[in-house]
Amino acid sequence: MSKLYSPESAASGVEQVLRVLEGRWKLIILFHLFDGKVQRYSDFQKLIPEISQKMLAQQLRQLEADGIVSRMVYPQVPPKVEYRLTDWGKELCPALDAMLKWAEKREA
């Protein structure tokens, strides 16, 4: 059953979503994890060379804390850490695809 929204509750809900996704790099990180991709920290550094190590770590920690990304640490030396979307994070894919299609309409 879908929740009914008033203008105020809808605005509040969107504001909460934007707080979770705010940050210059979070959406770029998410797009690199779509289609079930698994990325290591070093992969992100290669895929997004403009991001600092500190900012990458911070953005990944926030996405993990919000339940969008899962982090798997393998007990080996050197440590191997992999990131993937959680099931809840995967549900973002259609919404972000819709945003891309919406943006394309402006360009046309």
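In this text the structure is predicted, and so the values were computed from the model without any measurement.
Within the 3.5 Å criterion, the main-chain N or O of His32 finds a donor-acceptor partner in the side chain of Gln39. Between the side chain of Thr86 and the main chain of Ser70, no donor-acceptor pair closer than 3.5 Å is present. Between the side chain of Tyr83 and the backbone N or O of Met72, no donor-acceptor pair lies under 3.5 Å.
Counting only N and O atoms by type, the side chains of Glu82 and Tyr74 include a donor and acceptor under 3.5 Å apart. Between the side chains of Ser6 and Ser9, a donor-acceptor pair is found at a separation under 3.5 Å.
Here the CG-CD1 distance, from Leu56 to Ile28, works out to 11.0 Å after rounding to the nearest 0.5 Å. Once rounded to the nearest 0.5 Å, the distance linking OH of Tyr41 with CZ of Arg71 reads 10.5 Å. For the atom pair NZ (Lys54) and CD (Gln59), the distance works out to 11.5 Å, reported to the nearest 0.5 Å.
Within the 4.5 Å cutoff, the side chain of Gln58 has no heavy atoms near those of the Trp25 side chain. The closest side-chain heavy-atom distance from Arg40 to Val81 is not below 4.5 Å. Contact of the Cys93 side chain with the Asp35 side chain is not registered, since no non-hydrogen atoms from C-beta on lie closer than 4.5 Å.
Residues Tyr5 and Leu18 are members of separate hydrophobic clusters, defined by side-chain heavy-atom contacts under 4.5 angstrom among Ile, Leu, Val, Met, Phe, Trp and Tyr. One hydrophobic cluster holds both Leu27 and Leu100 under the rule that ILVMFWY side chains link at heavy-atom gaps under 4.5 Å. Under the 4.5 Å side-chain contact rule for hydrophobic residues, Leu63 and Val38 do not share a cluster. Follow the hydrophobic side-chain contacts under 4.5 Å out from Val20 and you reach Met99 in the same cluster.
Remark: of the listed residues Ile68, Leu33, Asp97, Ile68 is the sole one forming a side chain to side chain contact (heavy atoms under 4.5 Å, CB included) with Leu92.
Other residues, nucleotides and ligands place no more than 12 heavy atoms under 6.0 Å from the CG atom of Leu4.
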Side chain to side chain contact (heavy atoms under 4.5 Å, CB included) between Leu47 and Ile29, worked out: CA-CA 9 Å; Leu47 292 166; Ile29 290 168; over 6 Å; no
Pair Glu22-Lys26, salt bridge (Lys or Arg N to Asp or Glu O under 4.0 Å): steps then yes or no: CA-CA 7 Å; Glu22 75 183 343; Lys26 285 183 182 177; over 6 Å; no
Step-by-step side chain to side chain contact (heavy atoms under 4.5 Å, CB included) determination, Lys80 to Val73: CA-CA 6 Å; Lys80 178 181 173 183; Val73 180; over 6 Å; no
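When every heavy atom of Ile48 is checked against every heavy atom of Ile51, the shortest pair comes out as O-CG2, 3.0 Å. A pairwise comparison of heavy atoms in Val69 and Leu30 identifies CG2-CD2, 4.2 Å as the closest pair.
Under the rule for a side chain to side chain donor-acceptor pair (under 3.5 Å), Gln16 has no partner lying at least two apart in sequence or in another chain.
Between Phe31 and Phe34, the distance from one ring center to the other falls under 6.0 angstrom.
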